[in-house]
There are 2 protein chains.
Amino acid sequence: AAHSVDLRKTYGAGQAAVHALAGITVAFERGRFTAVMGPSGSGKSTLMHCMAGLDRPTSGQSFVGDLDIGKLDDAGLTKLRRDRIGFVFQSFNLIPTLTAAENITLPVALAGAKVDQEWLGYLVKQLGIGDRLAHRPSELSGGQQQRVACARALINKPDLIFADEPTGNLDSNASADLLAFLRRSVQELGQSIVMVTHDPRGAGYADRVVFLADGTVVGDLERPTA
Amino acid sequence: AAHSVDLRKTYGAGQAAVHALAGITVAFERGRFTAVMGPSGSGKSTLMHCMAGLDRPTSGQSFVGDLDIGKLDDAGLTKLRRDRIGFVFQSFNLIPTLTAAENITLPVALAGAKVDQEWLGYLVKQLGIGDRLAHRPSELSGGQQQRVACARALINKPDLIFADEPTGNLDSNASADLLAFLRRSVQELGQSIVMVTHDPRGAGYADRVVFLADGTVVGDLERPTA
Ligand SMILES: Nc1ncnc2c1ncn2[C@@H]1O[C@H](COP(=O)(O)OP(=O)(O)OP(=O)(O)O)[C@@H](O)[C@H]1O
Ligand SMILES: Nc1ncnc2c1ncn2[C@@H]1O[C@H](COP(=O)(O)OP(=O)(O)OP(=O)(O)O)[C@@H](O)[C@H]1O
Ligand SMILES: [Mg+2]
Ligand SMILES: [Mg+2]
């Protein structure tokens with residue numbers, strides 16, 4: 001589904017340089033649910049951004065399928081993200097002037113397609129946000145905003161989903177619902193999911209857990225026992 | 001330290017009305033660490049905002065010490081928040097154009113006081129953000145931003161601290177460090193802390209846990225065993 005080769009991302013130069021990614025080679029297989037864990041500041045979000053084409057690495061390569069996304073121009077990256085990749089941001093990034101429903105269906109509108117109303121209904125019900133679709137982000141709680149951001153990432157049924165701490169603002173029930181939903185979409189729809197999490201219970205839903213520290217992969221565990 | 005009497009907050013009217021707070025009477029004692037838990041959308045952030053004077057309730061009263069904060073005008077509320085209350089927002093609310101250090105010391109600058117450099121150094125070291133003080137919020141990871149927001153809430157040594165999911169973006173080590181630090185400031189400095197959390201480990205650091213559901217208090221536990 002996606003892999004990187006010696007990916008590096010450095011901010012600043014000289015003494016003050018920060019090596020957010022210090023050479024990461026990792027493959028995320030199709031149809032599997034991979035969790036990424038690691039201390040705060042270890043490069044998890046930076047890795048997700050570079051592998052999803054949201055940010056350009058300093059060096060190294062990143063592939064979606066067989067496509068080297070470093071060779072794409074900005075328009076190519078936008079098309080790739082719109083058609084093949086769903087992204088749940090750590091800070092939600094909802095559009096403040098749109099309602100929850102409009103935020104969710106925005107990717108479809110941008111692609112000039114028609115909304116699959118049945119799938120929208122299913123998503124909204126699974127995520128428990130049916131009674132807040134007319135609210136704008138400022139009229140939603142933190143957890144509700146996070147679930148709207150998840151629905152937006154899934155609306156186009158992308159085959160590859162990157163989710164950056166999708167349960168950070170959810171209580172244990174809402175978070176168990178969301179994780180079970182993500183698990184099902186891997187098993188039933190064959191989607192590939194890469195999820196950053198600090199929550200050990202979240203890692204329990206994954207097929208594999210990759211551990212980062214200081215911008216490098218320091219561990220890789222198959223199927224943890226939940 | 002703070003208490004509310006039949007606090008209500010309703011958004012909208014008629015059919016679409018949302019009763020975020022449906023009558024909450026609760027007291028948070030001085031020098032104690034109280035956790036507030038409850039499902040997403042149950043009113044936790046709304047309660048914190050109304051009790052800290054950041055939002056006006058629809059009806060009911062809220063007191064800081066013996067002061068009925070509903071009787072204060074906007075200038076009075078601002079002064080109360082600056083001098084007596086520290087607030088850690090669920091969405092950080094850092095000023096994007098300021099560095100981490102400037103964000104942290106902003107409350108002191110606004111109060112026209114001098115920064116206690118020793119206390120600033122102690123805070124920064126406890127929260128593990130010493131090497132990111134010159135970074136702006138966009139140059140910090142989610143967890144680092146959260147810790148800067150915590151330092152800002154504590155810089156003026158307020159006697160009452162409201163923290164809305166202060167560990168939501170932190171890995172288990174950083175979150176244990178922060179919780180232990182909050183626990184110490186209750187025991188050693190006599191501060192009063194009210195913390196919203198979804199994390200059972202977080203609740204374990206508290207003296208008491210108050211449970212909300214649908215805008216009302218549904219449970220109240222003394223000193224859970226960690
Ligand atoms: N401006 C608003 N207009 C309408 N409804 C609102 C508004 N702000 C909040 N709400 C609603 O009030 C309820 C309580 O919100 P609040 O943010 O207090 O929840 P919370 O317990 O903090 O949840 P979370 O754990 O997800 O952060 C939610 O159902 C939310 O949709
Ligand atoms: N624009 C930038 N300039 C300088 N340093 C940056 C910039 N953006 C990120 N960093 C640094 O890069 C490192 C990695 O950040 P990243 O956001 O990937 O961490 P993370 O693992 O997602 O952490 P968290 O769990 O706190 O979200 C951090 O130490 C951060 O301070
Ligand atoms: Mg991150
Ligand atoms: Mg909240």
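Chain A is the first sequence line, chain B the second, and so forth, proteins listed ahead of strands; every chain is numbered from 1.
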Most heavy-atom pairs under 4.5 Å with chain B, out of A:G128, A:S40, A:S175, belong to A:S40

Among A:D164, A:T46, A:V18, which has the most heavy-atom pairs under 4.5 Å with chain B?
A:V18

Heaviest contributor of heavy-atom pairs below 4.5 Å to chain B, chosen from A:Q146, A:E139, A:R147, A:Q145, is A:R147

Mark yes when over 12 heavy atoms from residues, nucleotides or ligands other than B:D55 sit less than 6.0 Å from its CG; otherwise mark no.
yes

May I ask you to decide if the ring planes of A:F89 and A:H49 are parallel, tilted or perpendicular, using 30° and 60° as cut-offs?
tilted

B:R208/B:D220 salt bridge by N-O under 4.0 Å criterion:
yes

Using non-hydrogen atoms and a 4.5 Å limit, figure out which bit of A:N173 sits close to chain B: side chain, backbone, both or neither.
neither

Does the side chain of B:S91 pick up a donor-acceptor pair with the side chain of B:N93 at under 3.5 Å?
yes

Hey, does the side chain of A:R8 reach the backbone of A:L21 with a donor-acceptor pair shorter than 3.5 angstrom?
no

Below 4.5 Å from any heavy atom of chain B, which atoms of A:E165 appear? Answer side chain, backbone, both or neither.
side chain

